[in-house]
Structures are given as C-alpha cells and as structure tokens.
Number of protein chains: 2
Amino acid sequence: MHINQKEFEDRIDKFKEILKRSGIKLTHQRLEIYEEVARSVDHPDAETIFKGVRKRMPTVSLDTVYRTLWMLLDLGIITTLGTNHRKTRFDANVKGHHHFVCSNCGKTLDFYSREFDQLKIPNTMKMIGDVQKTQVIIEGICKQCQKKKNNY
Amino acid sequence: MHINQKEFEDRIDKFKEILKRSGIKLTHQRLEIYEEVARSVDHPDAETIFKGVRKRMPTVSLDTVYRTLWMLLDLGIITTLGTNHRKTRFDANVKGHHHFVCSNCGKTLDFYSREFDQLKIPNTMKMIGDVQKTQVIIEGICKQCQKKKNNY
DNA sequence: CTGACTGCAAAGGGTTTGCAGTGCT
DNA sequence: AGCACTGCAAACCCTTTGCAGTCAG
C-alpha cells in the first residue's frame, strides 16, 4: 500500500532541500532509500527497505541502508517506532499521529485524532522533564489476526 | 530505587500462585529473577536483571534469565517496553499506566493519570481491530539530561 | 579534484538453542 | 524416579565498523 502522489513528491522535495541545506551529498543510494521509506505506509524495517531498494538498484548494500536511515533520523526526516522483535521500524510520516499496534502480529497502523493531539499534560510532568511530544498507543488485535483465529 | 514492601510481597504471592496454577515449577532461579524485576521500578534490561540476580546467586546464567523473562511475559506477570537501543526492557508493573521516555538517554518512567486511563477510543478504531489497552507515551528530555546539557 | 560516500567483509552485541547434567514435585 | 529445568557453549540475527575504491559537487 502506498501514499498518494502529491504527498510523496512533497516529501521528496523536502528531503532534497534538507540535504542541500545540511551540506550532505545527494547520492543515488540516498534518494532511492528515502523514496522507499517515503512511499511506504507500513513502517518497514531496514531489511524490507533494503529489499525494496535492491529491486531498482541491485548493488546497494545493507549497511548503506542503515547508514542512510540513521542519517535521515538524525536530520528529523524520518522517525523510528519502538522496535518490534529486535528490528527497528522506520516511518516517513513526521506529522503528529498515533499508532495502533497489533499485539499478535506486531503490525502498526497510523491513525489521526484531533482529541489525542491535544491531551492535557499532567502537572507532575514538570518534575520529570521537558515534554517534546505526546503519543497515544492503542494495543489490540488487528482484523486480519481476528480472522485467522476464527478459523480454528 | 525500589517499590514499597507491601506491593512487593503482593507481587511475589501472585507470581507463586500463577506458577502453581499453570503447573510450572517454582525454582530458586525463577523466584530470584522475578524478585529482581518485581523490586525494580526502572524497567531494567535482561543484562541488568542478570547482574542483580547474580549477586545473590552467582551461578545463574544469562540464558536462564532470558528464558524466565519470556515465560513471565507469556504468563502476563510482566510486560515489555518498546525496545531501546536493541535491548528489551522489562516491567513488573502490569497495572494500567503511562510512560515518560527521555529521548536523549532512553530512560523510561511510569506515571499514572486517571484522565489518560479513560481516553475515548475513536470510532474508526472499529475498522482497524479490537482494542485491548490504551497507553500514552510522553517523550521529552528528563531532568538529568537537562542538567548535563546546561553544563556545556 | 578531493573529501564524502559506498560496498565488502568481518566484527559486535543482544538473544536463542542443543545438549548433557541437575533437582523439583 | 521422572521429567521439567539449568548452565554451558556455540549459533543466530540485526546492526556496526574498518578499509580501499568511487563519485557528487
């Protein structure tokens, strides 16, 4: 499943601009890798991104994928989700959003909620630290896993 | 930092009861390992738990710690937090609670909020899956990391 | 041109597994 | 006494690193 073309192109433009502004070289590998993440909507892990990129660029190496992903994270162009079963998963959606995580298969889906975006932060939080962002994680069983279980 | 004695003893009792009910043997290792997690309040990783247990039981092995932790997770006696820097972190607090995560050092602190416990789940969620629990994650910089940065 | 970048191969670090011996119930 | 459980060591898997050659600006 992919995102729409307009959003995709916006992401690519922003990516190029940030690289230029940061004095980082725009290589074929980097573009392909970011495109792969920017196109996706399902929080792929490094291996999945690697396989996707390799279809179009058979010589990329997995370590370049890693190096690029951490660089993109550093630049704030992508984010990571809490690791699932040892693999880090990446997300090109940097707008505020929330996650549904399937406790059976680990699949993670984005969702948006005005209400959740505006949660009031408890006062006690001031004692703990400086808040940067707030996210709601809803855990449950996704539709697909429900169906599988019903088959038994 | 430790939790209070009453809560600790309650946790141990429940642990013993669940093991017995599940027909799982109560070994010294298992008790020591669970005690180590049950005593903690700071979401230790497997290695940290291992070191703690080894003080009292110098012959335990790291793999027994892992085997026990996954077993406890399976039984629902503990939970895990999204992996931080490849290490899985464990939590004996199975009551509904929320987390503050330091985006600098990864430290995770529990906090409680009546309001967050009662969040209204969006209707669109019905299309996605069956909700089991809802958790709020607040990301920011913890007090200690703030101090460190001020020293530069 | 030239320093940043890449691919390769090998190392690293957390976690898992097979096996033979041990110890709960 | 029997079978689940443990410790050991080696394997596994994701990720990182050193190095020599390559390419974007």
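Below, chains carry the letters A, B, ... as their sequence lines are ordered, and counting in each starts from 1.
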A.B. asks: Output the rounded distance in Å from CE (B:M57) to C1' (D:dG7).
C.D. replies: 12 Å

A.B. asks: Does D:dC5 have OP1 or OP2 under 4.0 Å away from a side-chain N or O of B:T64?
C.D. replies: no

A.B. asks: Does a side-chain N or O from A:R30 land closer than 4.0 Å to OP1 or OP2 of C:dT6, or not?
C.D. replies: yes

A.B. asks: Is B:Q29 close enough to D:dG7 that one of its side-chain N or O atoms is under 4.0 Å from OP1 or OP2 there?
C.D. replies: yes

A.B. asks: Counting just side-chain N and O atoms, does A:T27 come under 4.0 Å of either OP1 or OP2 of C:dT6?
C.D. replies: yes

A.B. asks: Name the closest nucleotide to the A:L26 side chain, picking from D:dG25, C:dC5, D:dG7.
C.D. replies: D:dG25

A.B. asks: Please report the distance, rounded to the nearest Å, between CZ in B:F50 and P in D:dT6.
C.D. replies: 14 Å

A.B. asks: Are A:D117 and A:H97 close enough that a side-chain donor and a side-chain acceptor fall under 3.5 Å?
C.D. replies: no

A.B. asks: Specify the separation, in whole Å, of atom NZ of A:K20 and atom P of D:dA24.
C.D. replies: 15 Å

A.B. asks: Send over the distance from B:I24 CD1 to D:dT6 C1', rounded to a whole Å.
C.D. replies: 15 Å

A.B. asks: Measure from CD1 on A:I33 to C1' on C:dG7 and round the result to the nearest Å.
C.D. replies: 12 Å

A.B. asks: Would you indicate whether the side-chain heavy atoms of A:D91 and A:H99 approach each other to under 4.5 Å?
C.D. replies: yes

A.B. asks: Show the nearest heavy-atom pair for residues B:A38 and B:I12, with the distance to one decimal.
C.D. replies: CB-CD1, 4.4 Å

A.B. asks: Counting only side-chain nitrogens and oxygens, does B:K87 get under 4.0 Å of the OP1 or OP2 atom of C:dG14?
C.D. replies: yes

A.B. asks: Between P on D:dG2 and NZ on B:K25, what's the gap in Å once rounded to a whole number?
C.D. replies: 13 Å

A.B. asks: By nearest nucleotide on DNA chain C, pick out whichever of B:H28 and B:E47 is the more 5' one.
C.D. replies: B:E47

A.B. asks: B:N93 and B:H43: side-chain donor and acceptor closer than 3.5 Å?
C.D. replies: no

A.B. asks: Of A:R67 and B:D63, whose closest DNA chain C nucleotide lies nearer the 5' terminus?
C.D. replies: A:R67

A.B. asks: If you find the nucleotide of DNA chain D closest to B:R86 and the one closest to B:V60, which residue's nucleotide is nearer the 5' end?
C.D. replies: B:V60

A.B. asks: For A:F15, which of A:L26, A:L75, A:V37 qualifies under side-chain contact (heavy atoms from CB on, under 4.5 Å)?
C.D. replies: A:L26

A.B. asks: How many Å lie between CG on B:L62 and C1' on C:dT16, as a whole number?
C.D. replies: 10 Å

A.B. asks: Roughly how many Å is it from CH2 in A:W70 to C1' in D:dC14, rounded to a whole number?
C.D. replies: 10 Å

